[in-house]
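Contents: one structure, followed by commentary.
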Amino acid sequence: MSMESSCVSGGLVMSDHYFNDVPLDHTDPRNPQRITLYTRRVIGVGKPPDLPWLLFLQGGPGYPAPRPEGGRCGWLRRATDEFQVLLLDQRGTGLSTPLNSQTMAAEFFPTPEDQASYLAHFRADSIVRDCEWLRRRMLGEHVKWTVLGQSFGGFCLATYLSIAPQGLQAAIFTGGLPPLTVANPDDVYRRTFRKVVEHNKAYYARFPQDVERVRELVDYLDGHQVMLPNGSRLTSRRFRQAGLHFGLGALDRVHFMLETAFVTLPGSALPAGSTLPS
């Protein structure tokens, strides 16, 4: 373990820790490949250094741990009252051997099969084994910690309870509990479809004027190439992903987004950011 730096900010003492010898595959001791894990230890100013540990598992998947820009506020204020908090960039995110277009380039992984074989080591089970590796390294074999799992982090925490419950003092879920009583994913999707229909009905009941607006937008996207800032195409199927906001109860957010979907030009109405058809 190496400590890169430490600082005091917003009522928190923060220190960065890098672990450069983490096995890529915890289940195969013969595999020599190693990855780097990055963690940030956060403790309240003036708090004793021997407080119990709270590991935070970020939602996603694919997002690094939050950076405490606001200092000792929000959930960190409550957590640092009685814990020292460990913010982990899960493998493949942030500063923990990140997965991106550069690191997954063909010069390193020549074929899709090579990429898939490597990516198979970045799932929840590997993240949990990373956590246990860190716990033993930082706390010792017999010292437990509390884990807080947010969204996808909660999915990881459920896996933790299956793989290594002996490492947990307590498990705290926030909005990320996977289905535990269904036989297969099809049952989950059937229930999800019903929820999708309910949310759509609720949306159009609140904003009936958006029925025609959505139809116009879908028709336009099907008939024209509208490009996003990252260079990829905004298709009508991709536009429908805005319905993810319905699951958060943010019906108004989608409505206000649609307010600016079209830019009115002399003699035409085009989606914002598009170009005039030739």
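All values below come from the heavy atoms of this structure, side chains included, with hydrogens, waters and symmetry mates left out.
In this structure, Gln58 contributes its side chain and Gln90 its backbone to no donor-acceptor pair below 3.5 Å. Not a single donor-acceptor pair under 3.5 Å links the side chain of Gln84 to the backbone N or O of Ile43. Not a single donor-acceptor pair under 3.5 Å links the side chain of Thr39 to the backbone N or O of Leu86. Side chain of Ser236 to main chain of Asp222: no donor-acceptor pair is present (N/O by atom type, distance under 3.5 Å, no hydrogens or angles). Side-chain N or O atoms of Thr103 include one that pairs as donor or acceptor with a backbone N or O of Asn100 at under 3.5 Å. Side-chain N or O atoms of Thr97 include one that pairs as donor or acceptor with a backbone N or O of Thr36 at under 3.5 Å. Between the side chain of Asp89 and the backbone N or O of Ala65 there is at least one donor-acceptor pair closer than 3.5 Å. Of the possible donor and acceptor atoms, none in the side chain of Arg78 sits under 3.5 Å from a partner among the backbone N and O of Trp75. Within the 3.5 Å criterion, the main-chain N or O of Leu24 finds a donor-acceptor partner in the side chain of Arg91. Under a 3.5 Å cut-off, the side chain of Arg206 and the backbone N or O of Leu251 do not form any donor-acceptor pair.
Residues that satisfy the salt bridge (charged side-chain N to carboxylate O under 4.0 Å, His left out) test with Lys47, not counting sequence neighbours, are absent from this structure.
Nearest heavy atom pair, residue Leu57 against residue Cys156, reads CD1-CB, 4.0 Å. Taking every heavy atom of both residues into account, Arg34 and Asp21 meet most closely at CD-O, 3.4 Å.
Put simply, CZ on Phe207 and CD on Glu259 are 9.0 Å apart, with the number rounded to the nearest 0.5 Å. Rounding to the nearest 0.5 Å places CG of Asp210 at 10.5 Å from CD of Glu216. Atoms CG and CZ, from Asp130 and Arg135 in turn, are 13.5 Å apart once rounded to the nearest 0.5 Å. Separating the CZ atom in Arg191 from the NZ atom in Lys195 is a distance of 11.0 Å, to the nearest 0.5 Å. Interatomic distance, CD1 of Ile172 versus CZ of Phe56, reported as 11.0 Å (0.5 Å rounding). Expressed to the nearest 0.5 Å, how far CD of Gln209 lies from OH of Tyr204 amounts to 11.0 Å.
Annotation: Arg67, atom CZ; neighbour count of heavy atoms from other residues, nucleotides and ligands within 6.0 Å is above 12. Surrounding OH of Tyr189 are at most 12 heavy atoms belonging to other residues, nucleotides or ligands under 6.0 Å away. Surrounding OH of Tyr63 are at most 12 heavy atoms belonging to other residues, nucleotides or ligands under 6.0 Å away. Within 6.0 Å of the CD atom in Gln166, the count of heavy atoms belonging to other residues, nucleotides or ligands exceeds 12.
For the residue pair Asp125/His26, the side-chain donor-acceptor check at 3.5 Å is not satisfied. A donor-acceptor pair shorter than 3.5 Å can be found between the side chains of Arg238 and Ser232.
Cluster membership check: Val128 shares its hydrophobic cluster with Trp53, using side-chain heavy-atom separations under 4.5 Å among Ile, Leu, Val, Met, Phe, Trp and Tyr. The hydrophobic clustering, which links ILVMFWY residues whose side-chain heavy atoms are closer than 4.5 Å, places Leu248 and Val254 apart.
Ring orientation note: the planes of His199 and Phe246 are tilted relative to one another, at an angle of 30° to 60°. Between Phe122 and Tyr118, the ring planes are tilted. Angles from 30° to 60° get that label.
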Note to self: Evaluate Asp187 against Arg190 for salt bridge (charged side-chain N to carboxylate O under 4.0 Å, His left out), listing each step before the verdict.
What the structure shows: CA-CA 5 Å; Asp187 293 336; Arg190 289 188 188 97; 2.9 Å; yes

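Membership of the apolar cluster around Phe155 extends to Ile127, Phe152, as traced through chained side-chain contacts below 4.5 Å between ILVMFWY residues.
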